[in-house]
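Worksheet for the structure shown next.
Note that the coordinates shown come from a computational prediction; the quantities given were computed from them, not determined experimentally. To find a chain, count down the sequence lines: A is the first, B the second, and so on, and within it residues start at 1.
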Amino acid sequence: MSRYHSYKTIEQLPDLIGQEVTLNGWVSDKTDKGKLCFIKLRDGSGIVQCVAFRPSIGDELFEKAHSLTQESSVSITGTVRSESRAPSGVELDITNINIWQISKDYPISPKEHGTEFLMEHRHLWLRSTRQHAIMRIRSSVVKAIRDFFDGNGFRLMDSPILTPSACEGTSTLFETEYFDLGTAYLSQSGQLYAEASAMALGKVYTFGPTFRAEKSKTRRHLTEFWMVEPEMAYFDLNDDMDVAEDLVEYIVQYVLKTCPKELAAMGRDISKLEAVRRPFYRMSYTEAVDWLNKNNVRLNKKQADGSEIQIDFPWGDDFGAPQEEAIMQQFDKPCIIHRYPTEVKAFYMKRDPDNQKVALAMDMLAPEGAGEIIGGSQREDNYEELLARIQHENLPVDAFQWFLDLRKYGSVPHSGFGLGVERTVKWISGAEHIREVIPFPRMIYRIVP
RNA sequence: UCCGACUUAGCUCAGCUGGUUAGAGCAUCUGACUGUUAAUCAGAGGGUCCGCGGUUCAAGUCCGCGAGUCGGAGCCA
């Protein structure tokens with residue numbers, strides 16, 4: 001039998017009681033009690049306590065067990081035994097130990113550490129229980145996303161990462177030389193390409209890394225993050241919101257089903273996630289502004305002399321994090337806010353035929369302070385309207401010619417959105433900082449490891 | 001870019017109004033222990049008090065400049 005099939009893992013142990021197995025892993029902790037030695041072995045699938053008792057295993061094997069240090073790599077052979085005193089309910093009585101390497105001076109002790117220290121040792125921090133749980137939840141979130149789209153008639157159509165110009169013209173992008181063709185930019189969104197793809201395959205999604213060179217210093221921003229962007233031909237804004245709700249409900253319920261241990265390790269309140277069932281809440285931007293003003297959520301405004309006054313929230317301003325947080329405090333599941341003022345939204349969003357002042361845009365806000373996880377819209381499908389918006393924003397028309405072509409050859413109503421993978425994982429896992437939910441975060445002052 | 005906070009042992013921190021030789025817990029090493037879950041007990045080693053300059057009889061402590069880190073705003077997923 002191949003190693004792939006014969007390799008036993010810790011998560012399989014409850015089905016292997018009474019059998020002798022060999023586990024391959026790393027020592028996460030060791031406790032000496034004289035003639036008794038407990039070794040906690042970690043193999044990526046779980047942790048199990050292995051027991052060495054000097055009188056029953058002999059001096060030589062006991063000394064081997066005794067010599068192990070934190071993060072030493074070992075293969076331990078032993079008999080699986082049900083044990084109520086062990087943390088996982090299962091224990092291994094050691095019959096043999098093969099030491100691959102004794103680890104010396106492992107920097108992360110089982111005690112408290114600050115995040116700066118831990119981020120410097122991110123390549124090792126990933127081995128800890130909490131980070132391990134987050135990464136497994138992340139893996140489940142990504143699986144849920146792909147299952148959802150693959151199972152609902154969507155096709156994966158990845159967008160390029162190197163792009164000739166800024167997609168939206170608003171945020172700062174990373175630049176790089178591109179042979180003799182001038183400057184290229186790292187993509188901030190695959191959306192424009194997703195629109196072209198949707199005209200070819202109907203329902204598509206792109207899934208990949210995205211880059212923003214903004215100097216953001218908050219616990220919900222990264223300079224490199226993963227985004228999934230579905231785009232659907234013949235879908236209007238309402239259809240778009242339906243897809244967004246279905247997707248988020250599916251992701252949350254999938255993680256609940258597949259990651260109960262990981263959520264428990266995070267100390268996550270499961271009932272809050274169980275409540276994430278359709279329908280979610282929806283309100284228009286205008287209703288949201290009214291709600292803010294009715295509930296006395298005032299806006300701090302700086303005056304010319306530097307002093308601050310509090311004013312009613314003016315219709316037309318974009319919501320900041322404080323407004324979104326205030327609105328979400330009343331909700332126990334996500335809320336979609338739709339029909340934002342045209343001026344604060346991107347050029348490619350279609351205006352509402354019933355009210356030219358607002359765009360057919362929508363953002364989904366997650367509860368528990370998680371904030372915005374989705375931004376999307378129905379797209380402008382009229383050639384002249386789109387051209388006018390590009391010119392109005394002073395964007396280079398030449399660079400967008402291919403995008404305008406989509407409005408020339410069989411234009412149809414279409415919609416889509418982008419979901420931030422890390423913000424979703426942060427919300428579901430209950431991690432307090434976004435840098436914990438991606439294996440190797442990229443932030444303004446950190447690119448190592 | 002703007003506002004605020006922090007920087008003392010490997011790690012997490014205390015150190016008052018400036019005043020002997022710089023403190024604790026954990027980690028590490030040595031020893032004891034048959035049930036530990038962040039074990040306990042006894043002992044040992046471990047310091048560029050972020051850097052530079054200034055005030056002072058005397059600076060970890062006060063002042064100035066610089067660096068690094070963290071949080072918030074804006075940008076947005």
Side-chain angles (χ1 to χ4, degrees), chain A residues 28-40 47-57 62 69-70 83-88 91 103-121 129 167-173 187-191 207-229 244 248 299-300 302 306 308 317-325 344-346 363-366 370-376 417-427 432-435 437-438 443-446:
Chain A
S28 66
D29 198 15
K30 187 190 72 175
T31 308
D32 282 312
K33 288 275 304 172
K35 294 175 193 153
L36 190 60
C37 182
F38 297 105
I39 293 155
K40 288 211 178 63
I47 293 181
V48 68
Q49 179 160 276
C50 307
V51 187
F53 183 44
R54 185 169 226 145
S56 46
I57 66 170
F62 186 83
T69 56
Q70 194 187 358
E83 171 59 74
S84 58
R85 287 172 292 184
S88 65
E91 219 168 56
S103 162
K104 285 213 172 82
D105 301 322
Y106 186 69
I108 303 178
S109 65
K111 296 293 174 183
E112 56 195 328
H113 299 282
T115 41
E116 184 189 347
F117 176 83
L118 291 168
M119 283 310 311
E120 271 165 25
H121 297 86
T129 309
C167 270
E168 304 182 7
T170 48
S171 76
T172 319
L173 304 185
S187 178
Q188 65 166 325
S189 164
Q191 189 220 309
F207 198 165
T210 301
F211 307 88
R212 305 274 164 94
E214 293 289 339
K215 295 197 170 176
S216 301
K217 295 178 71 171
T218 79
R219 65 193 126 158
R220 55 182 191 284
H221 286 89
L222 292 166
T223 56
E224 177 182 311
F225 65 96
W226 284 69
M227 185 155 68
V228 59
E229 295 172 281
V248 170
L299 187 69
N300 289 327
K302 258 207 175 131
E308 279 198 350
D317 274 23
D318 201 0
F319 295 143
Q323 286 79 37
E324 291 180 349
E325 210 161 302
V344 302
K345 285 293 177 185
D363 286 352
M364 185 189 289
L365 309 179
E372 191 175 337
I373 57 170
I374 281 178
F417 61 85
L419 173 131
V421 170
E422 286 76 18
R423 286 192 181 173
T424 304
V425 176
K426 174 175 176 283
W427 165 46
E432 71 262 27
H433 200 297
I434 200 164
R435 68 189 154 196
V437 308
I438 184 168
M443 297 175 298
I444 50 175
Y445 295 128
R446 187 173 296 284

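- Within 4.0 Å (heavy atoms only), A/Leu419 reaches no atom of the nucleic acid at all.
- Minimum atom distance to the side chain of A/Ile434 is reached by B/rA77, of the listed B/rC70, B/rC11, B/rA77.
- Of the C1' atoms belonging to B/rG15 and B/rA24, the separation is 10 Å, rounded to the nearest Å.
- Note on A/Arg219: only backbone sugar-phosphate atoms sit closer than 4.0 angstrom, heavy atoms only; bases stay farther off.
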Fill in the blank from the handout: In 5'-to-3' order, the base (B), backbone-only (S) or no-contact (-) status of each nucleotide in nucleotides 29-36 of chain B, using a 4.0 angstrom heavy-atom cut-off, is ----BBBB
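- The heavy-atom pair separating A/Val248 from A/Trp427 by the smallest distance is CG1-CZ3, 3.8 Å.
- In terms of heavy atoms, A/Ile438 sits closest to A/Glu224 at CD1-O, 4.0 Å.
- B/rU7 and B/rA39: their C1' atoms are spaced 33 Å apart (whole Å).
- Nearest to the side-chain atoms of A/Asp318 among the listed nucleotides B/rU1, B/rC70, B/rC76 stands B/rC76.
- Counting any heavy atom pair closer than 4.0 Å across all strands shown, A/Gly320 reaches sugar-phosphate atoms only and no base atom.
- Looking at A/His221, its side chain comes within 3.5 Å of the base of B/rC76 through a donor and an acceptor atom.
- Residues A/Asp363 and A/Gly376 share a closest heavy-atom pair of OD1-N, 4.3 Å.
- Under 3.5 Å, the side chain of A/Arg423 and the base of B/rC76 form at least one donor-acceptor pair of N or O atoms.
- OP1 and OP2 of B/rG71 both lie 4.0 Å or more from every side-chain N or O belonging to A/Arg220.
- Between A/Phe225 atom CZ and B/rC75 atom P there is a gap of 15 Å when expressed in whole angstrom units.
- Comparing B/rU21 with B/rG25, their C1' atoms sit 22 Å apart, to the nearest whole Å.
- Nucleic acid contact class of A/Leu222 (heavy atoms, under 4.0 Å, all strands): base.
- When every heavy atom of A/Met119 is checked against every heavy atom of A/Arg435, the shortest pair comes out as SD-CD, 3.8 Å.
- Looking only at side-chain heavy atoms (C-beta outward), A/Arg212 and A/Phe225 come within less than 4.5 Å of each other.
- Sequence order on RNA chain B of the closest nucleotides to A/Arg446 and A/Val344 puts A/Arg446 first from the 5' end.
- Atom P of nucleotide B/rA77 and atom CD of A/Glu324 are separated by 11 Å, given to the nearest angstrom.
- Between A/Cys37 and A/Lys30 there is a side-chain heavy-atom pair separated by less than 4.5 Å.
- Considering only side-chain atoms of A/Asp29, the nucleotide from B/rA73, B/rU69, B/rA39 that sits closest is B/rA39.
- A side-chain donor-acceptor contact under 3.5 Å links A/Ser103 to the backbone of A/Gln70.
- Nearest-nucleotide assignment on RNA chain B puts the 5′-proximal partner with A/Tyr106, out of A/Glu325 and A/Tyr106.
- As rounded to whole Å, 12 Å separates atom P of B/rU69 from atom CZ of A/Arg435.
- Remark: the backbone N or O of A/Ala370 is not paired with any side-chain donor or acceptor of A/Arg220 at under 3.5 angstrom.
- Here A/Tyr445 does not count as stacked on B/rG68, because the ring centres are not under 5.5 angstrom apart with planes under 30°.
- Rounded to whole Å, the separation between the P atoms of B/rA38 and B/rU1 comes to 45 Å.
- Per the geometry, CD1 belonging to A/Ile444 stands 13 Å off C1' belonging to B/rA73, to the nearest Å.
- The gap from the P atom of B/rA22 to that of B/rC13 amounts to 23 Å, rounded to the nearest Å.
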Practice task
Kindly express the pairing pattern of RNA chain B in dot-bracket notation, using | wherever a base pairs with another strand and counting only Watson-Crick or G-U pairs under 3.5 Å.
Solution key: (((((((..((((.....[...)))).(((((.......))))).....(((((..]....))))))))))))....
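- Regarding A/His113, its NE2 atom lies at a distance of 18 Å from the C1' atom of B/rU7, rounded to whole Å.
- The side-chain heavy atoms of A/Ile434 and A/Arg423, taken from C-beta on, include a pair separated by under 4.5 Å.
- For the pair A/Glu432 and A/Arg219, the tightest heavy-atom approach, listed with the atom from each and the gap, is O-CD, 3.2 Å.
- Using a 30° and 60° split on the angle between ring planes, A/His113 and A/Phe117 fall in the parallel class, below 30°.
- Side-chain proximity of A/Glu214 to the nucleotides B/rG72, B/rC75, B/rA77 is greatest for B/rC75.
- Within the 3.5 Å criterion, the main-chain N or O of A/Gly371 finds no donor-acceptor partner in the side chain of A/Glu325.
- Spacing between atom CG of A/Asp363 and atom P of B/rC75 amounts to 12 Å, rounded to whole angstrom units.
- For the P atom pair drawn from B/rC49 and B/rC3, the interatomic distance equals 31 Å after rounding to whole Å.
- Scanning atom types as modelled, no donor and acceptor separated by under 3.5 angstrom connect the side chain of A/Ser109 and the base of B/rC11.
- Panel note: side chain A/Glu214, backbone A/Thr172; a donor-acceptor pair is recorded below 3.5 Å.
- Side chain of A/Ser216 to backbone of A/Thr218: no donor-acceptor contact under 3.5 angstrom is found.
- B/rC75 atom P lies 10 Å from atom CG of A/Asp317, rounded to whole Å.
- Of the P atoms belonging to B/rG18 and B/rA59, the separation is 13 Å, rounded to the nearest Å.
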Could you go over nucleotides 42-49 of chain B and give all protein N or O partners under 3.5 Å, atom names and distances?
none

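- Annotation for A/Ser189 and A/Gln191: closest pair OG-N, 3.0 Å, computed over non-hydrogen atoms.
- What separates CD of A/Gln188 from C1' of B/rA77 is a distance of 11 Å, to the nearest Å.
- The C1' atoms of B/rA44 and B/rU56 are separated by 39 Å, rounded to the nearest whole Å.
- For the OP1/OP2 pair of B/rC70 and a distance below 4.0 Å, the side-chain nitrogens and oxygens of A/His433 include no atom meeting the criterion.
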